[in-house]
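To keep things clear, I will list the structure first and then write my remarks on it.
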Amino acid sequence: MPTVLKTESPRTFKAKKGNFEQHRNMGIMAHIDAGKTTVTERILFLTKRIHTTGEVHDGEATMDFLEEERKRGITIQSAATFCEWNGHSINIIDTPGHVDFTAEVERSLRVLDGAVAVFDAVAGVEAQSETVWRQANRYGVPRLCFVNKMDRVGADFWACVDQIKTRLEGRPVPIQIPVGSEKDFRGVIDLVRMKMYTFQEEAEDQAYIEDDIPAELLEDAKLHRHSMLEHAAEFDEALLDLFVEDKDPTEEMVLKALRRGTVRMEIAPVLCGSALKHKGVRFMMDAVVDFLPAPTDLPDVEGLVPRTDEKTTRKRADTDPVCLMAFKTIAESTGDLTFVRVYSGVLQKGQALLNTRTGKTERIGRIARMSANKREAIEEVRAGDIAAIIGLKNTVTGDTLCDEDKPIALNKIQFPDAVISMSLEPKKSADRDKLGEVIGKLMREDPTFRAQTNEATGELVISGMGELHLEIITNRIQNDFKCEVTTGKPKVAYKQRLKKALETEARFIRQSGGRGQYAVAWVKFEPVATPGGDLEFVDAIKGGSIPREYIPKVEDGLREGFKSGGQTGFPFVNVRATLFDGKYHEVDSSELAFHLAGVLAFRQASENNIVLLEPIMKVEVRAPEEFIGGVVGDLNSRRGEVNEIDAIGNLRVVRALVPIAEMFAYSSALRGATQGRGSYAMELFEYRDVPNNIAEQILKGG
């Protein structure tokens with residue numbers, strides 16, 4: 001066959017615009033610096049949504065539109081956009097790669113149908129790659145893998161595929177193999193069509209040459225095609241028969257089988273390229289259309305009838321009652337901008353919908369399709385689509401809006417706990433009210449950012465996912481909202497649990513002439529093993545020793561004591577409180593008395609009976625081999641527990657568990673220890689008991 005220069009896709013599709021089967025909702029997810037935003041930029045250029053490409057390193061990427069993102073060259077907020085590819089309409093969400101902004105990934109994956117996991121061909125599977133992969137597993141999101149930066153020194157496609165198997169426990173199935181690597185990376189072999197595509201250097205129209213596979217590469221290609229067909233045959237009996245008989249299946253048959261396996265999350269097709277050089281993104285978009293699910297491929301949406309345990313479902317169709325989830329809020333001066341995913345029905349301007357959390361109705365004002373920070377007014381949003389609503393009053397991330405006559409509450413989005421905190425105050429006392437408003441806006445936008453006033457000191461304490469998270473929040477308060485602030489030193493967000501089980505008698509008795517207050521409650525307290533668990537209340541009253549109407553008041557008092565943090569102020573976790581006996585007085589007992597008896601019972605149980613818990617971080621450090629002894633020694637000196645040391649090219653990768661209290665300002669220490677050549681990433685692993693000697697210092701304020 002003669003060599004052919006092409007600028008269109010090797011596959012053609014017969015697609016009807018507006019058809020559900022031609023719709024895709026996908027996210028781009030990866031570790032920081034793997035190239036997610038560059039991939040998205042190239043997609044927008046390829047689909048003619050933008051006419052020039054901006055680079056992340058120049059601070060000009062379309063999807064990184066916040067000032068802090070442009071300055072730092074990282075993605076902080078997930079950003080939505082849309083495009084068309086071969087008759088298919090595609091919504092894309094570009095997510096952050098830094099662990100401090102993991103909530104952005106969490107909420108995006110909750111509403112997406114599929115994802116492209118981007119890997120750096122040199123670094124392979126990195127710390128945040130594992131985190132986002134687990135998040136995608138939790139939300140049942142099928143995915144493709146794109147091995148990026150194949151033209152960099154040290155690129156290794158097969159090592160990356162192997163790490164997806166071993167470290168992510170995935171089932172990667174290469175549907176392409178690279179031709180050359182590093183500076184010699186020049187093309188790919190398509191194992192479905194058995195053609196070779198050679199990239200044209202710096203061809204921004206993504207032109208490529210389609211050719212037969214050269215003889216010297218044919219045997220290797222056949223070997224990898226055989227492996228691909230073996231995986232595909234698991235999902236199609238007709239294909240299995242042909243595979244066993246060693247007959248060649250049709251292209252259509254292979255694509256259908258691979259799609260079925262991908263949608264079921266049993267395999268992940270793997271492609272490769274170099275997004276920065278416009279190599280391979282076209283074929284990745286073909287794979288998005290070929291393998292990632294349309295809304296119609298997914299099961300009905302499940303939820304509960306509000307304020308009951310009764311399950312209910314919605315079909316992902318225009319004909320069912322409207323149901324949507326708010327998954328992101330941006331607070332603006334003209335009203336909140338709320339991103340929503342419509343699961344069923346048609347969302348229209350002027351509609352009144354029930355918010356199942358508040359029980360109130362919200363009227364839908366303006367609706368827009370978003371492309372980064374640009375918006376395009378639209379009249380309606382159909383099932384399966386993503387858009388933004390302007391001006392909702394009381395809707396926050398995770399809320400369900402639905403038809404009042406057919407209510408459904410969808411499963412909420414789970415966000416991790418904050419791990420560090422610091423004090424914050426305005427430089428001018430006149431800005432105190434303004435700061436309160438700004439903090440309120442930022443908390444609506446970011447569910448992992450928290451703020452509260454310390455009752456003992458009166459200072460405002462903000463909490464977040466890491467030093468970078470709080471630094472960026474503080475910069476936004478000063479630069480975006482023009483409110484000058486001073487900050488305290490970052491502190492660890494400790495928690496506490498009860499040390500041992502005990503029973504306590506709480507007597508709240510007041511006599512002051514006339515009617516008094518009388519309540520006696522016997523409560524058994526036990527530490528339980530639920531990670532990060534709330535207070536578990538057990539009503540074990542028998543024989544009417546406390547009248548039924550007072551029991552909920554005791555529970556309320558116990559919860560108030562639990563939330564107050566006792567003498568230390570740190571939040572409690574993992575407590576079971578069993579109310580098993582008590583006394584009341586016909587005249588003097590009241591709801592207030594039993595409420596206060598509950599508060600007193602918890603205070604008595606926690607007095608000299610607590611164990612502090614600290615966040616333990618899973619840390620991954622990458623450094624050249626000659627520095628590894630110093631890196632390991634330093635981690636050990638920080639109460640670290642080194643679990644594994646791996647080699648990736650000429651780098652060594654150290655994986656350890658370290659208390660976050662020992663990791664403040666670690667980046668500068670690592671730079672000094674590795675002559676600026678080391679890097680690290682960390683994420684919350686679990687909470688553990690603080691050693692006694694350190695706990696004593698913390699409780700003394702040391």
Next on the checklist: Between T329 and T338 (side chain of the first, backbone of the second, donor and acceptor by atom type, cut-off under 3.5 Å), is there such a pair?
Outcome noted: no
Checklist entry - Okay, side chain of S589, backbone of E586: is any donor-acceptor separation there less than 3.5 Å? => result no
Next on the checklist: Ignoring hydrogens, what is the shortest heavy-atom contact between T312 and P407? Give both atom names and the distance.
Outcome noted: CG2-O, 4.3 Å
Checklist entry - Do the side chain of Q517 and the main chain of R510 share a donor and acceptor less than 3.5 angstrom apart? => result no
Checklist entry - Below 4.5 Å, heavy atoms only, C-beta onward: do E362 and L353 meet side chain to side chain? => result no
Checklist entry - Does D300 reach the main-chain N or O of E302 with its side chain, forming a donor-acceptor pair under 3.5 Å? => result no
Next on the checklist: Measuring from atom CG of L401 to atom CD1 of I389, what distance do you get when rounded to the nearest 0.5 angstrom?
Outcome noted: 6.0 Å
Checklist entry - Taking C-beta and beyond as the side chain, do E620 and Y680 meet within less than 4.5 Å on heavy atoms? => result no
Next on the checklist: Could you check whether any side-chain N or O of T400 sits under 3.5 Å from a backbone N or O of L410, counting only pairs where one atom can act as donor and the other as acceptor?
Outcome noted: yes
Checklist entry - For A136, which residues count as a side-chain contact (heavy atoms from CB on, under 4.5 Å) partner, sequence neighbours excluded? => result M29, L109, V141, R143
Checklist entry - Salt bridge between K441 and E445, side-chain N to carboxylate O under 4.0 Å? => result no
Checklist outcome for this item: In short, L470 meets S463 closest at the heavy-atom pair CD2-C, 3.7 Å
Next on the checklist: Checking L502 now: which residues fulfil side-chain contact (heavy atoms from CB on, under 4.5 Å) with it, not counting sequence neighbours?
Outcome noted: T504, F525, A605, N609
Checklist outcome for this item: Here the gap from I408 atom CD1 to D403 atom CG, rounded to the nearest 0.5 Å, amounts to 11.5 Å
Checklist entry - Should the heavy atoms of other residues, nucleotides or ligands under 6.0 Å from CD of E549 be counted, would the total exceed 12? => result yes
Next on the checklist: Here's a test for you: under side chain to side chain contact (heavy atoms under 4.5 Å, CB included), which of R639, R688, M682 qualifies with L657?
Outcome noted: R688
Checklist outcome for this item: d(I616 CD1, E662 CD) to nearest 0.5 Å is 9.5 Å
Checklist entry - Should we count CD of E169 as having more than 12 external heavy atoms under 6.0 Å? => result no
Checklist entry - Counting only N and O atoms by type, is there a donor-acceptor contact under 3.5 Å from the side chain of R357 to the main-chain atoms of G398? => result no
Next on the checklist: With side chain to side chain donor-acceptor pair (under 3.5 Å) as the test, pick out the partner of T397 among K412, K328, R107, R444.
Outcome noted: R107
Item to check | Closest non-hydrogen atom pair between R314 and C323, with its separation | outcome: CG-CB, 4.3 Å
Checklist entry - Could you walk me through whether T361 and E404 pass the side-chain hydrogen bond (donor to acceptor under 3.5 Å, both in side chains) check? => result CA-CA 8 Å; T361 57; E404 289 183 85; 5.1 Å; no
Item to check | Any donor-acceptor N/O pair, E683 side chain to Q128 backbone, under 3.5 Å | outcome: no
Checklist entry - Do F570 and L613 have side chains that get closer than 4.5 Å, going by heavy atoms? => result no
Item to check | Gap between atom CG of L435 and atom CZ of R432 - 0.5 Å precision | outcome: 8.0 Å
Next on the checklist: Between R559 and E555, does the salt bridge (Lys or Arg N to Asp or Glu O under 4.0 Å) criterion hold? Intermediate values first, please.
Outcome noted: CA-CA 6 Å; R559 292 194 184 282; E555 180 183 356; 3.1 Å; yes
Next on the checklist: Are V690 and Q697 packed together at the side-chain level, in the sense that at least one heavy-atom pair is separated by less than 4.5 angstrom?
Outcome noted: no
Checklist entry - Under the salt bridge (Lys or Arg N to Asp or Glu O under 4.0 Å) criterion, do K315 and D320 qualify, and how do the steps go? => result CA-CA 6 Å; K315 290 192 186 306; D320 259 34; over 6 Å; no
Checklist entry - Where do I546 and I551 land on the side-chain contact (heavy atoms from CB on, under 4.5 Å) test, with the steps shown first? => result CA-CA 7 Å; I546 297 178; I551 291 172; 4.1 Å; yes
Checklist entry - To the nearest 0.5 Å, what is the distance between CG (L592) and OH (Y550)? => result 11.0 Å
Checklist outcome for this item: In this structure, CD1 of I386 is separated from CG of D113 (nearest 0.5 Å) by 7.5 Å
Next on the checklist: Using salt bridge (Lys or Arg N to Asp or Glu O under 4.0 Å), reason through R497 and D689 one step at a time and then give a plain yes or no.
Outcome noted: CA-CA 9 Å; R497 65 175 179 84; D689 294 358; 2.7 Å; yes
Checklist entry - For V125 and W133, what are the C-alpha separation, side-chain angles and deciding distance, and is it a side-chain contact (heavy atoms from CB on, under 4.5 Å)? => result CA-CA 10 Å; V125 172; W133 194 272; over 6 Å; no
Checklist entry - So do V340 and T395 actually touch side chain to side chain, heavy atoms under 4.5 Å? => result no
Item to check | Donor-acceptor contact present, side-chain E505 to main-chain V520, <3.5 Å | outcome: no
Next on the checklist: Let's go through S545 and D581 carefully: what are the C-alpha distance in whole Å and the side-chain angles of both, what is the deciding distance for side-chain hydrogen bond (donor to acceptor under 3.5 Å, both in side chains) to 0.1 Å, and is it a yes or a no?
Outcome noted: CA-CA 6 Å; S545 56; D581 202 359; 3.3 Å; yes
Checklist entry - Is the CZ atom of F415 crowded by more than 12 outside heavy atoms at less than 6.0 Å? => result yes
Next on the checklist: Quick check with a 6.0 Å cut-off and a 45 degree axis cone: is R341 positioned over the face of F339's six-membered ring?
Outcome noted: no
Checklist entry - Would you say K583 has more than 12 foreign heavy atoms packed within less than 6.0 Å of its NZ? => result no
Checklist entry - After noting the C-alpha distance and the side-chain angles of L112 and I93, does the key distance pass the side-chain contact (heavy atoms from CB on, under 4.5 Å) rule? => result CA-CA 8 Å; L112 290 170; I93 296 182; 4.0 Å; yes
Checklist entry - Does any non-hydrogen side-chain atom of D534 lie less than 4.5 Å from one of F562? => result yes
Checklist entry - For V621, does its backbone N or O pair with a side-chain atom of R655 as donor and acceptor, under 3.5 Å? => result no
Next on the checklist: Take a 6.0 Å sphere around CG of N693 and say whether it holds more than 12 heavy atoms from other residues, nucleotides or ligands.
Outcome noted: yes
Checklist entry - Is any side-chain heavy atom of K553 closer than 4.5 Å to a side-chain heavy atom of D556? => result yes
Checklist entry - Considering all heavy atoms of both residues, which atom of P295 and which atom of R316 are nearest to each other, and what is their separation? => result O-CD, 3.2 Å
Item to check | Nearest heavy atoms of P490 and E467, plus distance in Å | outcome: CG-OE2, 4.4 Å
Next on the checklist: Does E503, at its CD atom, have more than 12 non-hydrogen atoms belonging to other residues, nucleotides or ligands within less than 6.0 Å?
Outcome noted: yes
Next on the checklist: Is the shortest side-chain heavy-atom distance between V111 and Y139 below 4.5 Å?
Outcome noted: no
Item to check | Smallest separation among heavy atoms of R110 and Y343, with atom names | outcome: NH1-OH, 3.2 Å
Item to check | Full working for side-chain contact (heavy atoms from CB on, under 4.5 Å) between M617 and L684 | outcome: CA-CA 5 Å; M617 310 305 284; L684 178 63; 4.1 Å; yes
Next on the checklist: Quick check against the 3.5 Å criterion: does S344 have a side-chain atom that pairs as donor or acceptor with the backbone of P321?
Outcome noted: yes
